[in-house]
Asks: 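This is the structure I have questions about; it appears just below.
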2 protein chains.
Amino acid sequence: MTTAAHRPATLEDVARLAGVSRSTASRVIAGTGFASPDARDRVATAAHRLGYVPNPAARALVSGAGVRLVVAVAGTSAAVLDDPYVHRVVGSAARVCTPAGVGVALHWLPLGEPTGLDQLARDRSVCGVVLVNTTEDLLDAIPRSLRGRVVSIGIGSPTVPSFDVDNTAGADAVLHHLYATGRRRIAMVTGPQWLPCSRRPVEAYRGLMRQAGLPERVLPGDFSAARGRAAAGEALRRWPDVDAIYAISDETALGVIAALSDEGVRVPSDVAVAGFDDIPLAAMTAPALTTASHPVGRIATAAATALLDGRPAAPVTLFPSVLVARASA
Amino acid sequence: MTTAAHRPATLEDVARLAGVSRSTASRVIAGTGFASPDARDRVATAAHRLGYVPNPAARALVSGAGVRLVVAVAGTSAAVLDDPYVHRVVGSAARVCTPAGVGVALHWLPLGEPTGLDQLARDRSVCGVVLVNTTEDLLDAIPRSLRGRVVSIGIGSPTVPSFDVDNTAGADAVLHHLYATGRRRIAMVTGPQWLPCSRRPVEAYRGLMRQAGLPERVLPGDFSAARGRAAAGEALRRWPDVDAIYAISDETALGVIAALSDEGVRVPSDVAVAGFDDIPLAAMTAPALTTASHPVGRIATAAATALLDGRPAAPVTLFPSVLVARASA
DNA sequence: CTGTTAGCGCCTTCAG
DNA sequence: CTGAAGGCGCTAACAG
C-alpha cells in the first residue's frame with residue numbers, strides 16, 4: 001500500500017517479502033488449501049505492503065476459468081445492441097462481474113443464423129453467456145461445450161436456466177385493471193413477433209378478451225416509441241370506438257400517448273393507455289404511465305451471478321411483475 | 001469449423017495441423033511479422049478447419065496487454081452505477097471492446113477518497129480506464145503508472161485526454177432560444193455542484209442573464225427527475241412570475257413538467273421548459289421536450305476506442321451539442 | 001522467412 | 001503444513 005511501484009507487484013514479490021514460496025503465498029491469497037497462521041499473517045502483510053492485486057488473466061489462464069462474461073443479444077440487426085434495455089443488462093452484469101475480475105462483452109446474434117454461439121463456445125476467455133431475446137432456435141443451437149455456462153433472460157430449456165419476469169401475470173394484472181375501470185374496447189400493441197416472451201402477453205390478452213366476449217384488436221409492434229405513434233393512428237382509424245390501448249413496452253405506450261395527444265384525443269378520459277416495464281421515466285410523464293413493473297436490473301444481476309457462481313441454477317427463476325396504477329389508465 | 005471439439009483448439013493444434021511451428025502460426029494469425037504465402041495459407045486453412053479462436057487472456061498475459069477496460073464512475077454513493085447514463089457508457093464501450101477480446105468492468109469511485117485508482121493501476125488485467133463524472137481531485141489522484149491508459153468523459157488534464165460535449169455552446173443555444181421566444185424570467189436547475197461539467201452551463205446562464213439585465217435564479221439539482229419535481233415547486237413559490245425553467249438534464253426537465261402540470265401550470269404557454277441531453281424519450285413526451293443533444297454513445301465509443309488503440313489521443317475531443325427545438329419551449 | 005527458446009503470472013499436483 | 005516443479009495458451013526475441 002506504500003509505494004506506487006512502477007511495476008505492479010506479482011505473487012512472486014509477495015512470496016519473497018513474506019519469506020515463503022509462491023505456492024504458500026498463492027494458497028493464502030486465493031484462500032484455498034492449508035497455511036499456518038504464521039505464514040498466513042506474513043503473506044497478508046506482505047501483500048498489503050506491496051499493494052498486491054492478483055492478475056485475473058493469469059489466474060484464468062491457469063485455472064481454465066475465463067475472464068469475460070458475454071451478453072449475447074438476438075436481433076434482426078446489430079442495432080439491438082444500442083437498445084436501452086440491453087444497456088441496462090450490460091450495466092447490471094458489469095457491476096456484479098467486476099469484483100470477480102470478470103469483464104463483460106456484448107455480442108449480436110443475427111436472427112436465423114445461430115453460428116455465433118459456436119465461436120463463443122470455442123473462446124476460452126468466455127466464462128459464460130447471458131442470452132437476451134432468446135428464441136427456440138437459439139436454444140437448439142447451443143453447442144454442447146457451452147452447457148452449464150449459458151443462461152437466458154427470457155425462455156429457457158432443460159439445459160438453459162431461465163431468468164424472466166412473469167409476463168403472463170403482469171399482462172393479466174394490467175388487463176384486469178383496464179377492465180375493472182370500465183374499458184371494453186381494448187386494443188393491444190405487441191412486441192416483435194419472433195420474440196417468444198412477447199407472445200405470452202398476447203395470449204393473455206386474447207384469452208381475456210374471448211372470455212369477456214370483447215373484440216380482439218391486435219397491432220404488431222417492436223417495443224419502439226416510433227411504432228407506438230404509428231400504432232395509435234392505426235388504432236384510431238380502424239376502431240374509432242377504442243377506449244384503451246395496451247402496449248407491451250413503456251416506450252411504445254409513450255409513443256401512443258404522444259400520437260393521441262397530437263390527434264386531440266385525451267388520455268385517459270377518451271382512451272386509457274397502459275405500458276409494460278415501468279421504466280424510471282414512466283412516473284414522470286404527463287399523464288404518468290400505468291404499467292407493470294419489470295425489474296431488469298435484478299434479473300440481469302441474478303443471471304450474471306448464476307454464471308459467476310458456476311453451480312447449476314434453478315431451471316426457471318420468475319420475477320414478479322406488479323401493476324403500477326398511475327394516471328394514464 | 002467442422003467438429004465442435006469438446007476441447008477448443010489451441011494455437012498448438014493449428015500449428016501441428018498446418019505443419020509449422022507455433023511461432024509461425026502465431027505470426028499469421030496475429031497478422032504480425034513475416035510469413036510465406038504458403039505458410040500463411042496452410043495456417044489459415046488449419047485454423048478454419050479447427051474453428052480456432054485465440055484466447056485473449058493468454059495473449060494479454062504474455063504481451064502485458066490487459067483484458068479489461070474499466071469504466072470508473074465518481075459519485076457520492078454506489079448508486080451512480082445504476083444511472084442510465086452510466087449504462088449507456090458501459091454498453092457502448094462493451095460494444096467496441098468486444099471485437100478486441102476486451103471485457104468491460106464497472107467501478108465506483110467514492111467522492112473524496114480517490115484511492116480506488118491506485119488499485120486499478122496495480123491490476124495488470126486492466127488495459128485502460130474511462131473516467132466518468134471526472135473531478136479535478138480525481139485527475140490529481142491518478143497514479144503515474146496509469147498515465148496514457150486513462151481518458152475522461154468530462155474534464156481532462158495535460159495527461160488525461162478529455163472526451164466531452166460542448167456544454168457551453170449547448171447551454172448558450174438553449175438559452176438564446178428561450179430568450180428569442182420572449183422568455184425573460186428564466187430559472188435554471190443545475191447539476192450536482194461537485195461536478196465540473198455541470199458548472200459550465202451555469203456560467204453560461206449567469207453570463208447571459210447578466211448581459212441581458214435579467215435576474216439570476218438558480219436552483220441546485222442532481223440530474224434526477226425527482227429533483228425536477230421539487231425544483232419546479234420551489235421555482236413557482238419563490239418566483240411566481242417565472243416564465244421558463246431550464247434544467248441541465250432531460251430527466252429533471254420531465255420532472256419539472258410533471259410538477260408544473262400537477263399545479264395546473266401550462267407548458268409552454270405559461271412556463272417554457274427545456275432540458276439537456278436529448279434522451280430518446282424526449283421526443284415522445286407531451287409536450288415534446290426542447291433540449292440540446294448529447295451524443296453519449298458516440299462519446300463513450302470514442303473514449304473506449306482511444307484506449308484500445310493505445311496511441312495518445314488529442315487532449316480534448318469536443319462533440320457538438322445542437323439545439324433540438326420541440327414543443328416544450 | 002522459419003523454428004527454437006524463454007517466459008508472462010498464477011495455480012496445482014506432488015513430494016517432503 | 002510447505003516448497004519444488006510443471007504448465008495454462010500465447011508472443012517475442014533470437015538464431016538459423
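For clarity, every value in this text was computed on a predicted model and none was experimentally measured. Just so you know, these numbers use all the heavy atoms, side chains as well, and skip hydrogens, waters and symmetry mates. Residue numbers start from 1 in every chain, and the chains themselves are labelled A, B, ... in the order their sequence lines are given, proteins ahead of strands.
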Asks: Which nucleotide, D:dC1, D:dC10, D:dG3, lies nearest any side-chain atom of A:Ser21?
Replies: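 In terms of side-chain proximity for A:Ser21, the closest of D:dC1, D:dC10, D:dG3 is D:dG3.
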Asks: Would you indicate, yes or no, if D:dC10 has its OP1 or OP2 atom less than 4.0 angstrom from a side-chain nitrogen or oxygen of B:Ser63?
Replies: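 No, no such contact exists.
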Asks: Kindly determine whether B:Leu307 and B:Cys127 satisfy side chain to side chain contact (heavy atoms under 4.5 Å, CB included), including the steps that lead there.
Replies: CA-CA 8 Å; B:Leu307 248 22; B:Cys127 68; over 6 Å; no
Asks: D:dT2 P sits how many Å from A:Asp38 CG, rounded?
Replies: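 Computing the A:Asp38:CG to D:dT2:P distance gives 8 Å.
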Asks: Would A:Leu117 and A:Leu131 count as a side chain to side chain contact (heavy atoms under 4.5 Å, CB included) here? Give the steps.
Replies: CA-CA 10 Å; A:Leu117 285 173; A:Leu131 256 26; 4.2 Å; yes
Asks: What is the distance from CD of B:Glu12 to P of C:dG3, rounded to the nearest Å?
Replies: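 Rounded to the whole Å, the gap is 13 Å.
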Asks: Roughly how far, to the nearest 0.5 Å, is the CG atom of A:Asp137 from the CH2 atom of A:Trp194?
Replies: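 A:Trp194 atom CH2 to A:Asp137 atom CG measures 11.0 Å (nearest 0.5 Å).
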Asks: Side-chain N or O of B:Arg22 less than 4.0 angstrom from OP1 or OP2 on D:dG9?
Replies: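 It does not, given that no N or O in the side chain of B:Arg22 lies less than 4.0 Å from OP1 or OP2 of D:dG9.
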Asks: Using whole Å, what does the distance between atom C1' of nucleotide C:dC8 and atom CG of A:Leu11 come to?
Replies: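 The distance from CG of A:Leu11 to C1' of C:dC8 comes to 13 Å, rounded to the nearest Å.
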Asks: Can you tell me the distance, in whole Å, between the CZ atom of A:Arg16 and the P atom of D:dA4?
Replies: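 After rounding, the reported distance stands at 13 Å.
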Asks: Check every atom of C:dT2, C:dG9, C:dC11 against the side chain of A:Thr10 and return the nucleotide holding the closest atom.
Replies: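 Shortest atom-to-atom distance from the side chain points to C:dG9.
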Asks: Report the residue (B:Arg40 or A:Thr32) whose heavy-atom-nearest nucleotide on DNA chain C is the more 5′ of the two.
Replies: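 The residue mapped nearer the 5' terminus is B:Arg40.
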Asks: Looking only at the side chain of A:Pro54 (C-beta and beyond, no hydrogens), which of the listed nucleotides C:dC10, D:dC8, C:dT2 gets closest?
Replies: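 Of the candidates, C:dC10 comes closest.
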Asks: In whole Å, I'd like the distance from the CZ atom of B:Arg7 to the C1' atom of D:dG9.
Replies: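 Atom-to-atom, B:Arg7 to D:dG9, this comes out as 11 Å.
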Asks: Could you tell me whether the phosphate oxygens of D:dT11, OP1 or OP2, come under 4.0 Å of any side-chain nitrogen or oxygen in B:Ser26?
Replies: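 So the side chain of B:Ser26 is within the cut-off, an N or O lying under 4.0 Å from OP1 or OP2 of D:dT11.
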Asks: Any side-chain N or O of A:Arg124 under 4.0 Å from OP1/OP2 of D:dG9?
Replies: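 True: A:Arg124 side-chain N/O within range (under 4.0 Å) of D:dG9 OP1/OP2.
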Asks: Separation of A:Leu50 atom CG from C:dG9 atom C1', in whole Å?
Replies: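 These atoms are roughly 15 Å apart.
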Asks: Find the distance A:Asp41:CG to D:dC1:P and express it as a whole number of Å.
Replies: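 So the CG-P distance, A:Asp41 to D:dC1, works out to 15 Å.
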Asks: How would you label the contact of B:Ala60 with the nucleic acid (heavy atoms, under 4.0 Å): base, sugar-phosphate, or nothing?
Replies: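 B:Ala60: no heavy atom of the nucleic acid under 4.0 Å.
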Asks: Could you tell me whether A:Ser23 contacts a base, only the sugar-phosphate backbone, or nothing, with contacts defined as non-hydrogen atoms closer than 4.0 Å?
Replies: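 Counting heavy atoms under 4.0 Å across all strands, the contact made by A:Ser23 includes a base.
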Asks: Separation of B:Arg27 atom CZ from D:dA13 atom C1', in whole Å?
Replies: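 After rounding, the reported distance stands at 10 Å.
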Asks: Would you say a side-chain N or O of A:Thr24 is under 4.0 Å from OP1 or OP2 of D:dT2?
Replies: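 Negative; the distance criterion is not met.
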Asks: Looking at every strand, decide which applies to B:Leu61 at a 4.0 Å heavy-atom threshold: base, sugar-phosphate, or nothing.
Replies: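 Base, at least one base atom sits under 4.0 Å.
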Asks: Under a 3.5 Å distance rule, please check whether A:Ser125 uses its side chain to pair with a backbone N or O of A:Arg68 as donor and acceptor.
Replies: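 Here the side-chain-to-backbone pair does not exist.
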Asks: At under 4.0 Å between heavy atoms, what does B:Ala57 touch on the DNA or RNA strands: base, sugar-phosphate, or nothing?
Replies: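 Contact class for B:Ala57: none.
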Asks: Quick one: pull up CG in B:Leu139 and CD in B:Glu136 and give me the separation to the nearest 0.5 Å.
Replies: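 If I round to the nearest 0.5 Å, the distance is 7.0 Å.
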Asks: Do A:Thr24 and A:Ser21 get their side chains close enough for a donor-acceptor pair, meaning under 3.5 Å?
Replies: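 Yes, because at least one side-chain N or O of A:Thr24 sits under 3.5 Å from a partner of the opposite role on A:Ser21.
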